[in-house]
Amino acid sequence: MKIELSGQQTVSVFQLTAVFSMLFALVGFSYNVWRMEITEYNSNMRSASFELLLQLSELESIVYAAHYDQDLVLGSPRKGWVKVNLIADLSMITEPEISVAAKELKLSWQANWQQLPDDEASAQAVVTKIDETRAQVRQLLKQLD
């Protein structure tokens with residue numbers, strides 16, 4: 001079967017089928033690649049977010065041990081610095097809002113870590129920044145497909 005376009009030009013059904021098949025294959029492949037990229041992004045964000053939540057809770061535990069328990073072992077400033085820096089590093093692979101919150105947390109830790117054992121306001125300032133960062137991480141998790 002042939003379709004006459006104009007004068008001597010004719011297109012067979014097989015040629016049309018081949019063209020449409022290639023278009024559908026291209027569209028299908030493009031969608032598949034896009035979907036895989038989104039899935040990979042979501043997987044990376046979830047992994048980083050869960051690790052951030054764990055590190056934030058461990059930092060909060062360090063703050064509480066330092067201030068309320070006066071425990072210099074569990075509330076070690078060195079452990080706190082390690083956690084704060086890890087949180088800042090992990091936040092770099094997430095969304096910008098979380099990076100900003102992690103930087104603010106690090107600045108709060110930097111300003112308050114020496115007074116943690118004796119000053120309630122210092123402990124609360126750090127815990128407030130931990131809570132703000134945690135809220136940003138939860139918001140990111142809610143947005144993922």
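Throughout, residue positions are numbered sequentially from 1 according to the sequence presented. It should be emphasised that the depicted structure is a prediction, and the values quoted were computed from it without experimental measurement.
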In this structure, would [X] and [Y] fall into the same cluster of hydrophobic residues linked by side-chain contacts under 4.5 Å?
X    : Y    : value
L74  : V126 : no
L52  : L144 : yes
W113 : V127 : yes
V63  : Y68  : yes
I38  : Y31  : yes

So, the side chain of [X] versus the backbone of [Y]: is there a donor-acceptor pair under 3.5 Å, distance only?
X    : Y    : result
S76  : V73  : no
S43  : T39  : no
T128 : Q124 : yes
N112 : S108 : yes
E40  : E37  : no
T17  : V13  : yes
H67  : A123 : no

Report task. Using distance alone, with no hydrogens and no angle criterion, decide if E132 and Q136 have a side-chain donor and acceptor under 3.5 Å apart. Result ->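 On atom types as modelled, these side chains do not qualify, holding no pair under 3.5 Å.
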Query raised in the report: When you check the side-chain N and O atoms of Y64 and E60, is any donor under 3.5 Å from an acceptor?
Result: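 Result is yes, a qualifying pair exists.
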Rounded distance [0.5 Å steps], [atom1] in [X] versus [atom2] in [Y]:
X    : Y   : atom1 : atom2 : result
I98  : M92 : CD1   : CE    : 13.5 Å
D118 : Q70 : CG    : CD    : 6.0 Å
K106 : N85 : NZ    : CG    : 4.0 Å
L105 : L59 : CG    : CG    : 6.0 Å
E58  : I87 : CD    : CD1   : 9.0 Å
K83  : R78 : NZ    : CZ    : 15.0 Å

Query raised in the report: Should K103 and V100 count as side-chain neighbours, where that means a heavy-atom distance under 4.5 Å?
Result: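 K103 does not reach V100 side chain to side chain.
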Query - Any side-chain heavy-atom pair of S49 and R138 under 4.5 Å - result: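 No. Closest side-chain heavy atoms not under 4.5 Å.
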Please give me the minimum heavy-atom distance between [X] and [Y], naming the atom from each residue.
X    : Y    : value
L56  : I130 : O-CG2, 3.8 Å
G80  : I62  : N-CD1, 3.8 Å
A88  : A102 : CA-CB, 4.1 Å
W109 : P77  : CZ2-O, 3.8 Å
S91  : T94  : O-OG1, 2.7 Å
L116 : A66  : CB-CB, 4.3 Å

Query raised in the report: S57 and R134: side-chain contact (heavy atoms from CB on, under 4.5 Å), yes or no, with the steps?
Result: CA-CA 9 Å; S57 67; R134 185 179 289 130; 4.3 Å; yes
Report task. Could you tell me whether L72 atom CG has more than 12 heavy atoms of other residues or ligands within 6.0 Å of it? Result ->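 12 or below, so no.
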